[in-house]
Amino acid sequence: MNDSVGPSNFNLEPRRQWWGVYSVRAHMDMRSLAREILLYDRLVLPVPEDLDEADRWDGQGWDTNQLDYVAKHLGDLAHLVPWSQEMRSAWKDHMSLLAAAGVTSDGAAYGATPTTMVGFIWDDVAAHQPRDALPPVPPRIVAAYLSQEEAAADFEPVAAPVKGSPPAGRRSGILLTQPIEVPRGEDDEDVFLRAVRTAREPEFASARRALYDYEDRLVMEDRTDADIVRALGRLLDDYTAAARDHAGKTKRQWVSRLIAGGGGALANSQFAGAGKPVSLAVRKVFARFPSFVPGPDPAGIHPGEALTHVGAGFPAPR
């Protein structure tokens, strides 16, 4: 593989967008939302389906005025989905299953919202038209959580051995942990708006595109440690540098993503970035990856059964 890997010469077409799906309270934490804006091409946010539901949200403390503010400034960076009665019923069924397994925390309740939504939104999501006029390849969908515990309640990831098949109910996947530079400041609104502006910068979007395109392939093809160090490390450096260049003052946070696939010879590894001491970790796991109904076509441009399954994203403890 050529050492010259970066946004300017990496194969960007066709690209697969990455969409994060969120809970009913995601809009309430603008600092966390600023991080998520820099992670995903589009944020899928639930909204009340009618005035009665909006009143219920306000009664729960999920301020619909703030939701309106967030949606207005995100514009086409957001995809709004009515939180319907059918979704609420499915959510209750999901929570019953978690409760039967002994999982009853508030975090798990909020975390169940994204995995509930993905079963209802595929037709709508798949019909999207990319803003940059690239081919409308179906996006990779990630259930976005506010904590590692929320993600673990749904996906139940466990470390995978070097060799061996996943147990019943689980599939092979990889756990990527990497840094991200997010806007730093005292004012929550300013941090949020700087993240929105950064996400719209072509240089930043191109760097993220190159990084995620490589990660998309990482779960479908065997990669050596040397390949990952050279390519993924450099792409991550470019991505974080672009965030610093456009977001003003930043601070480093750590994020993890669970992605279905990667059942080959990939090793559990931790690396430094190619240009700076930016570390990242790639680990093999077995997890309960939800599947779409009907889901994207595995025989599409990015082949592989992995694309029929939802991933997870969450802040990583450091």
Closest contact, heavy atoms only, [X] versus [Y]:
X	Y	result
Met87	Val81	CE-CG1, 3.5 Å
Ala143	Val310	N-CG1, 3.8 Å
Asp29	Gln66	N-NE2, 4.5 Å
Gly313	Tyr40	CA-OH, 3.8 Å
Arg31	Asp188	NE-OD1, 2.6 Å
Ala152	Pro157	CA-CD, 4.0 Å

Side-chain touch [X]/[Y], heavy atoms, less than 4.5 angstrom:
X	Y	result
Val182	Lys251	yes
Trp62	Leu67	no
Met117	Trp83	yes
Val285	Phe155	no
Val191	Met30	no
Tyr214	Leu236	no
Asp238	Leu211	no
Arg25	Leu146	yes

Mark yes or no for whether [X], through its side chain, and [Y], through its backbone, hold a donor-acceptor pair below 3.5 Å.
X	Y	value
His246	Arg200	no
Arg194	Ala247	yes
Glu53	Glu49	no
Tyr212	Leu39	yes
Arg42	Asp76	yes
Arg208	Ala242	no
Asp58	Thr64	yes
Arg184	Thr250	yes

Side-chain ion pair, Arg56 and Asp50, N-O less than 4.0 Å: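 Asp50 and Arg56: not salt-bridged.
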
By salt bridge (Lys or Arg N to Asp or Glu O under 4.0 Å), which residues pair with Arg35, not counting sequence neighbours?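 Here no residue qualifies.
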
Check the angle between the aromatic planes of His79 and Trp19 and answer parallel, tilted or perpendicular using the 30° and 60° thresholds.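 Ring orientation of His79 relative to Trp19: tilted.
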
Could you state the interatomic distance from CG (Leu43) to CD (Glu36), rounded to the nearest 0.5 Å?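 Reported to 0.5 Å precision, the distance equals 6.5 Å.
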
Check the surroundings of atom CD in Glu86: do more than 12 heavy atoms from other residues, nucleotides or ligands lie under 6.0 Å from it?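 No, CD of Glu86 has 12 or fewer neighbouring heavy atoms, counting only those of other groups under 6.0 Å.
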
Is the centre of the Tyr239 ring less than 6.0 Å from the centre of the Phe204 ring?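 Close enough - the centres of the two rings lie under 6.0 Å apart.
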
Do Phe286 and Leu175 belong together in a cluster built from hydrophobic side chains that touch within less than 4.5 Å?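 No; Leu175 is not reachable from Phe286 via cluster members.
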
Cluster check Tyr145, Val158: I/L/V/M/F/W/Y, side chain < 4.5 angstrom: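 The answer is no; the residues belong to distinct hydrophobic clusters.
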
Mind checking what makes ring pair (Phe, Tyr, Trp, His ring centres under 6.0 Å) contact with Phe192, not counting sequence neighbours?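 Expected list: none.
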
Output all residues satisfying side-chain contact (heavy atoms from CB on, under 4.5 Å) with Asp187, sequence neighbours left out; order by chain, then residue number.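 Per chain and number, Asp187 pairs via side-chain contact (heavy atoms from CB on, under 4.5 Å) with Glu189, Asp190.
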
Ring-face cation of Arg140 near Trp18 (centre distance under 6.0 Å, axis angle within 45°):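 Here Arg140 passes the 6.0 Å and 45° test against Trp18.
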
